[in-house]
Trainee: 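Okay, here's the structure, questions in a sec.
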Amino acid sequence: MILPLHEQVRVRVHAVLSELYGLTDADATVSIEYPPNRTLGDLGTPVAFDLARRLRKAPRAIAQEIAGALGPMPGIVSVSAAPNGYLNLFLDRPSFLLSRLGVAGTLPPAPVRTEKTIVEHTAINPNKAAHIGHLRNSALGDTLVRVLTFRGNPVEVQNYIDDTGVQVADVVVGFQVLEQTDLAGARTIAASTRFDYYCWDLYARVTEWYGTDTERLKIRAATLHDIEHGTEPTASLAAFIADTVVRCHLTTMARLNIDYQLLTWEGDILRLKFWARAFEVLKQTGAVFLQAEGRLAGCWVMKIDDDSPAVEGDTAEADGAGEAEEREKVIVRSNGTVTYVGKDMAYQFWKSGLLGHDFYYRKFATRMTGDTLWATTSDPALAVPTHPQFGAAAATYNVIDVRQAYLQKLLKQALTAIGHSAEAERLTHFSYEMVALSHATATELGIAPPPGSDDARRPFVEVSGRKGQGVKADDLIDRVIEKARVEVARRQPDLPAADARTIAEYIGIAAVRYFLIKYSRTKVIAFDIDEALSFEGESGPYLQYAVVRANNIFQKLQDRLGLDEASLLAPLPAAPPDAINGADGDHELWGLVLEASRLDDVVEQVVRTLEFAVLAKYGFGLAQLFNAFYHRAPILNEERDDVRRWRAAAVAYFRQQLTRVLDLMGVAVPPRM
RNA sequence: GCGCCCAUAGCUCAAUUGGAUAGAGCGUUGGUCUCCGAAGCCAAAGGUUGCAAGUUCAAGUCUUGCUGGGCGCACCA
């Protein structure tokens with residue numbers, strides 16, 4: 001934890017700027033950074049650069065004046081003005097580390113946040129098995145949940161289930177037409193096979209079947225109509241498919257330590273007429289209106305903000321008519337049915353507490369934590385009255401890939417249009433790029449594009465769920481765990497098979513989750529099986545291995561010397577601080593401690609930028625620092641008592657912090673590996 | 001046509017969102033297990049940050065214009 005120290009320095013520097021130059025807080029921003037190495041300082045600020053022009057002085061001179069006026073600050077032992085103009089500070093190293101280990105001193109309390117935040121992620125169509133693209137969504141979403149929770153935000157995790165869409169309808173068509181079976185038949189299949197895998201193949205067959213005769217699409221339309229209107233037997237079959245596949249998805253996600261608090265079912269939004277209520281609001285506020293003429297006559301439409309600078313050319317009037325029509329989005333079709341966007345608006349209004357209606361709730365399953373996983377329902381007979389309060393959040397994150405950017409923008413506009421720009425501000429589209437396949441992996445899966453084709457020239461191969469091309473999430477997880485198991489067995493031949501299997505699960509999950517997090521979200525991942533399976537270098541297992549090593553040190557200290565962590569650290573407040581102060585010119589120990597303390601700073605950056613690659617890189621860099629320290633600074637074999645204790649203290653803090661980092665990524669540390 | 005995103009080492013990616021000498025992993029080459037675990041560590045080689053201007057104390061990062069690529073812009077969901 002380092003941020004309280006940042007804040008303390010910032011406040012003090014602002015006070016000095018006011019004293020010396022009469023500047024207010026608004027005149028200068030004091031950003032706190034970390035000098036490139038520990039001999040320069042532990043914290044630094046480039047504030048003097050900002051002021052150079054205003055004060056007509058060299059940055060160095062300003063930095064010197066500020067340094068001279070700062071005076072003593074708790075936790076800071078000295079200040080220096082670097083020749084290039086940076087103002088650098090040196091921390092009181094022993095007290096910094098001991099307070100963070102709880103051995104001496106106290107830490108300021110964590111900030112309390114009370115505003116409820118909804119995170120919606122996953123939202124996989126419940127008609128087939130999850131694939132790797134879905135995993136990116138869920139891994140990002142779950143990490144967001146963990147990070148927000150870490151900093152004290154109350155979070156509600158939702159998973160939206162589109163049980164009334166064409167994709168489910170397609171699989172219903174597959175059962176009814178291609179398989180010539182019904183609900184009872186589907187139940188029999190579900191009892192004897194991997195139902196989500198079965199549907200994966202069936203869905204591909206249906207898509208192919210449509211392709212040979214477009215007349216067949218009429219069957220899909222009729223099926224979709226039956227699902228939406230609850231017409232039997234189609235509706236019950238669709239409900240069974242969606243329910244069964246959703247449970248498969250939950251099982252898949254649970255393997256990766258991903259879970260949810262509430263499943264929101266689109267069918268309930270329809271049946272409870274959320275749209276009717278939302279439509280009223282939209283009409284009353286004039287956000288949507290009935291288009292009387294032109295191409296969209298008879299549709300209820302919303303004007304789309306053109307937020308491009310839109311240099312209103314003088315000639316815009318002339319040809320404006322046609323273009324104005326372009327900037328309208330249909331919300332209700334001329335046949336009276338609502339579009340996808342409309343349903344989403346109703347859902348978002350509910351999330352933001354602006355709908356004035358609520359779902360009924362039923363118990364759906366038990367979460368990994370032992371708590372209830374709730375689901376919405378429209379049936380009062382199924383409603384459980386003693387449910388938690390859902391919806392009505394102060395802030396919302398919708399985790400959906402970048403292709404949905406346009407629709408997410410419309411959602412924000414709808415909120416603004418009904419007079420709730422504050423809620424619009426606090427709606428965040430957490431977008432990320434797609435997952436494709438590397439050419440090597442596509443070839444391995446037998447779906448390589450034909451040589452010489454356009455697709456063959458692209459840097460990656462797009463996956464197609466419709467054609468059944470792609471990597472199923474469970475297949476990937478199985479392969480990674482199996483490879484880890486072989487590795488564990490090879491390294492530790494004496495280990496019982498069951499233990500090897502358990503450890504392999506820890507390792508495999510770490511590999512998959514780290515892989516999904518380590519890329520910037522604006523980057524397309526060209527998924528490569530060999531790369532994802534690799535346990536060397538920058539990978540989840542590397543981070544786990546570092547913690548396992550650290551844990552082993554304490555285990556051996558206990559076994560060989562009978563020293564536990566508490567008694568090892570207790571004498572440190574009175575011990576000579578040479579080792580941590582780098583009296584011999586070596587600041588490696590302190591460098592590890594300072595870096596480990598930055599977790600709260602990193603978490604804030606992650607929330608600000610929604611860039612989890614930052615968290616992944618931080619964890620990797622921290623593990624690297626530790627590994628280097630581990631090789632150069634022995635603990636068990638160190639003779640000098642105080643040196644050994646300071647090293648142990650640094651390692652204790654390191655493992656505490658890296659374990660937290662892994663937890664934020666949904667990764668646990670195995671007892672050994 | 002309009003909008004969003006991407007381009008950094010052979011490959012895959014970072015760079016504290018305008019800061020100090022552009023860093024990692026993989027791959028290549030060479031070291032390193034009587035020594036807390038070698039899924040590790042140490043070292044070498046590898047860069048005109050796509051191109052051209054501009055903004056300032058400072059540009060991989062911001063602006064403009066190019067080049068090349070991806071995605072989006074339905075009375076589909």
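We use all heavy atoms of the structure for the numbers below, so side chains are in, but hydrogens, waters and symmetry mates are not. A quick note: this is a predicted structure, and the numbers were derived from the prediction, not measured. Letters go in sequence order (proteins before strands), and every chain restarts at 1.
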Trainee: Base, sugar-phosphate alone, or nothing: which one does A:Glu638 contact when heavy atoms must sit under 4.0 Å apart?
Mentor: nothing
Trainee: Which part of the nucleic acid, if any, lies within reach of A:Val402 when heavy atoms closer than 4.0 Å are counted: base, sugar-phosphate only, or nothing?
Mentor: nothing
Trainee: Between the protein and nucleotides 6-11 of chain B, which nitrogen or oxygen pairs are less than 3.5 angstrom apart?
Mentor:
{"unit_1": "B:A7", "atom_1": "OP1", "unit_2": "A:Lys523", "atom_2": "NZ", "d": "3.3"}

Trainee: Less than 3.5 Å apart, any donor N or O on the side chain of A:Arg549 or A:Asn627 sitting next to an acceptor on the other?
Mentor: yes
Trainee: By the 4.0 Å heavy-atom rule, please label A:Asn88 as base, sugar-phosphate, or nothing.
Mentor: base
Trainee: Using the side chain to side chain contact (heavy atoms under 4.5 Å, CB included) rule, pick out the option among A:Val288, A:Asn335, A:Ile331, A:Val330 that qualifies with A:Cys299.
Mentor: A:Val330
Trainee: Under 3.5 Å, is there a donor-acceptor pair between the A:Gln408 and A:Asn398 side chains?
Mentor: yes
Trainee: Would you mind pulling out the nucleotide paired to B:C73, Watson-Crick or G-U wobble, both distances under 3.5 Å?
Mentor: B:G1
Trainee: If you look at every strand shown and take non-hydrogen atoms under 4.0 Å, does A:Val488 touch a base, only sugar-phosphate, or nothing?
Mentor: base
Trainee: Between A:Glu228 and A:Pro35, who's closer to the 5' end of RNA chain B by nearest nucleotide?
Mentor: A:Pro35
Trainee: Is A:Met673 touching bases, backbone alone, or none of the nucleic acid, heavy atoms closer than 4.0 Å?
Mentor: base
Trainee: Shortest non-hydrogen contact from A:Leu658 to A:Gly619?
Mentor: CD1-O, 3.6 Å
Trainee: Does OP1 or OP2 of B:A38 have a side-chain N or O of A:Arg549 closer than 4.0 Å?
Mentor: yes
Trainee: Please determine, by modelled atom types, if A:Glu266 and A:Thr164 share a side-chain donor-acceptor pair under 3.5 angstrom.
Mentor: yes
Trainee: Taking the nucleotide of RNA chain B with the closest heavy atom to each, which residue, A:Arg560 or A:Arg53, is nearer the 5' end?
Mentor: A:Arg560
Trainee: Is A:Pro36 touching bases, backbone alone, or none of the nucleic acid, heavy atoms closer than 4.0 Å?
Mentor: base
Trainee: What's A:Leu557 touching, base or sugar-phosphate or nothing? Going by heavy atoms closer than 4.0 Å.
Mentor: nothing
Trainee: Could you list by number each residue of residues 595-619 of chain A showing a heavy-atom separation from RNA chain B of less than 4.0 Å, or answer none if no residue does?
Mentor: A:Gln605, A:Thr609, A:Lys617
Trainee: Describe the nucleic acid contact of A:Glu531 in one word from base, sugar-phosphate, nothing, applying a heavy-atom distance below 4.0 Å.
Mentor: sugar-phosphate
Trainee: By the 4.0 Å heavy-atom rule, please label A:Asn637 as base, sugar-phosphate, or nothing.
Mentor: sugar-phosphate
Trainee: Is A:Tyr542 touching bases, backbone alone, or none of the nucleic acid, heavy atoms closer than 4.0 Å?
Mentor: sugar-phosphate
Trainee: Under 4.0 Å, heavy atoms only, any strand: does A:Ser520 hit a base, just the sugar-phosphate, or nothing?
Mentor: sugar-phosphate
Trainee: Pick base, sugar-phosphate or nothing for A:Ala633, based on heavy-atom distances below 4.0 Å to the nucleic acid.
Mentor: base
Trainee: For A:Ile503, answer base if it contacts any base atom (sugar-phosphate contacts may also be present), sugar-phosphate if it contacts only those atoms, and nothing otherwise; contact means non-hydrogen atoms under 4.0 Å.
Mentor: nothing
Trainee: So A:Ala628, base contact, sugar-phosphate only, or nothing? Heavy-atom distance under 4.0 Å.
Mentor: sugar-phosphate
Trainee: Please determine whether any donor N or O and acceptor N or O are separated by less than 3.5 Å between the side chain of A:Asn627 and the base of B:G40.
Mentor: no
